Amino acid sequence: MMDNMSYPVILTLMVPKETKSYRHVYFICFLALYLFILSINILLVVVIITEKALHEPMYIFLSHLCINGVYGATGFYPKMLSDLILDSYVISSHMCALQTYVIYSSLLSEITILTVMSYDRYVAICKPLDYHSKLTKNTCVKLILLSWIIPNFFAVIAVLFANLRSICKYHIDKLYCDNWSVVKLSCASSFVNNIIGYAIAVTFVSFIVFIIVSYVKLISACKASLENRRKFWQTCLPHLFTLMNFTFAFLFDFMYNRYGANDIPESLRNFLALELVIVPPVFSPLIYGLNIRAVRKRVFISCVGHYK
């Protein structure tokens, strides 16, 4: 058992470049971004909950995507803001494990929720007559529970096995803790962790393949109908853009952590690592939520009514 099971070991994180000169600028930017993520996601969730017209599966699934965005962002931003304001880039092993779990489970939940949303759009467009019989209240509850339980189950296993190893290094070459960075702190064999990592990767790549297949079928179905094309452009294309962006950043981060070369610029690595915790919670509610006219209209009415 590792020593930090009895007391927290202090780990160091990567220090952002030029923090001495621009530390307060970075702090203001990250704070503004975090507040924006909280406000836009919470606003959408509140509107979907309070407006009965939005009590449909598509909007309910969207609200969970927003909740997941807030959850994941909270795993990153408070610690980053604390580091910047205190100019101290350290973290205890226990807090590192917690941050790893929150960010990791959030990223995996992003994939499962997007999978559920793609299934919803597939049934709505390709089998509209069966929509209400297939997407019943009980089915929606089961899909939502699975979209949270599956990623959290895998995240618990991955983080647990990573933190049960004895460590011989104390620096994480990243702006935040992630699972493979913790694994690399140990000088012991990472064979078991590799197996777990690839099992998780295969599982969630299969979800991504399911989404791609559903969209291939959606595109085929939309060719024959103007109404279906309108639905696709309004509700599916933003979803597809979000998925492609997220998948690229996630796979790059996964592969670089294991096989990355030192000659890849630090700025590029940081950009793609930060993209995972910045882009989904910012752009998912914007390009997927507010792009839907029914949601946009209700948000506008709520905001106008609030300021009257």
Side-chain angles (χ1 to χ4, degrees), residues 41 44-69 71 105-154 200 202-244 246-247 280 284-285 287-299:
N41 282 280
L44 273 178
V45 171
V46 170
V47 167
I48 290 170
I49 290 174
T50 56
E51 295 289 343
K52 289 185 178 180
L54 299 179
H55 289 182
E56 295 288 336
M58 178 175 68
Y59 306 122
I60 299 299
F61 298 147
L62 174 60
S63 70
H64 282 268
L65 191 67
C66 294
I67 291 170
N68 185 60
Y71 167 67
S105 60
S106 172
L107 294 176
L108 297 180
S109 295
E110 187 88 7
I111 298 174
T112 52
I113 295 171
L114 288 174
T115 304
V116 169
M117 294 174 75
S118 71
Y119 173 71
D120 169 79
R121 291 299 83 204
Y122 167 74
V123 176
I125 294 175
C126 296
K127 300 182 179 180
L129 298 179
D130 298 330
Y131 184 74
H132 292 291
S133 62
K134 287 182 176 292
L135 272 297
T136 63
K137 183 177 180 180
N138 286 337
T139 301
C140 290
V141 170
K142 290 176 183 176
L143 289 173
I144 290 169
L145 287 175
L146 285 173
S147 69
W148 287 105
I149 291 172
I150 292 173
N152 278 276
F153 170 75
F154 280 114
I200 294 172
V202 169
T203 301
F204 285 88
V205 165
S206 68
F207 285 131
I208 294 171
V209 170
F210 173 87
I211 296 172
I212 293 171
V213 171
S214 69
Y215 273 100
V216 169
K217 293 185 177 181
L218 278 172
I219 292 170
S220 298
C222 290
K223 289 180 180 178
S225 168
L226 180 63
E227 177 64 18
N228 284 347
R229 284 201 298 271
R230 186 189 65 79
K231 285 182 181 179
F232 180 83
W233 285 101
Q234 186 181 64
T235 64
C236 299
L237 196 63
H239 182 187
L240 194 58
F241 173 80
T242 302
L243 176 72
M244 291 171 61
F246 175 81
T247 302
S284 290
I287 70 172
Y288 192 75
L290 297 183
N291 185 62
I292 301 173
R293 187 172 61 181
V295 177
R296 187 170 63 243
K297 180 181 177 182
R298 298 292 173 176
V299 169

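Since the structure is predicted, the reported quantities are computational estimates derived from the model, not experimental observations.
- Scanning all heavy atoms of the two residues, the minimum distance from His64 to Ile113 falls at O-CD1, 3.6 Å.
- The two residues Thr136 and Ser133 have their closest heavy-atom pair at CG2-O, 3.2 Å.
- Pairing each heavy atom of Cys126 with each of Lys217, the nearest pair is SG-O, 3.9 Å.
- Taking every heavy atom of both residues into account, Pro151 and Ser105 meet most closely at CB-O, 4.0 Å.
- Put simply, the side chain of Val116 does not reach to within 4.5 Å of the side chain of Ile144, judged on heavy atoms.
- Expressed to the nearest 0.5 Å, how far CG of Asn68 lies from CD of Glu110 amounts to 5.5 Å.
- Taking CG from Leu135 and CD from Glu56, the interatomic distance works out to 9.5 Å, rounded to the nearest 0.5 Å.
- Under a 3.5 Å cut-off, the side chain of Asn41 and the backbone N or O of Ile67 do not form any donor-acceptor pair.
- Between Ser147 and Thr112, the shortest heavy-atom contact is O-OG1, 2.6 Å.
- How far CD1 of Ile125 is from OH of Tyr131: 10.0 Å, rounded to the nearest 0.5 Å.
- The shortest distance between side-chain heavy atoms of Lys134 and Tyr119 falls below 4.5 Å.
- Atoms CZ and OG, on Phe204 and Ser109 in that order, are 7.5 Å from each other to the nearest 0.5 Å.
- Side-chain N or O atoms of His55 include one that pairs as donor or acceptor with a backbone N or O of Ile48 at under 3.5 Å.
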Apply side chain to side chain contact (heavy atoms under 4.5 Å, CB included) to the pair Leu143 and Thr139, showing each step before the final yes or no. CA-CA 6 Å; Leu143 289 173; Thr139 301; 4.0 Å; yes

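- Between Ile49 atom CD1 and Leu44 atom CG the span is 11.0 Å, to the nearest 0.5 Å.
- In this structure, CD1 in Ile111 is found 12.0 Å from CD1 in Ile150, a value given to the nearest 0.5 Å.
- Phe207 has its ring centre no less than 6.0 Å from the ring centre of Phe210.
- Between Ala53 and Tyr59, the shortest heavy-atom distance links the atoms O-CE1, 4.4 Å.
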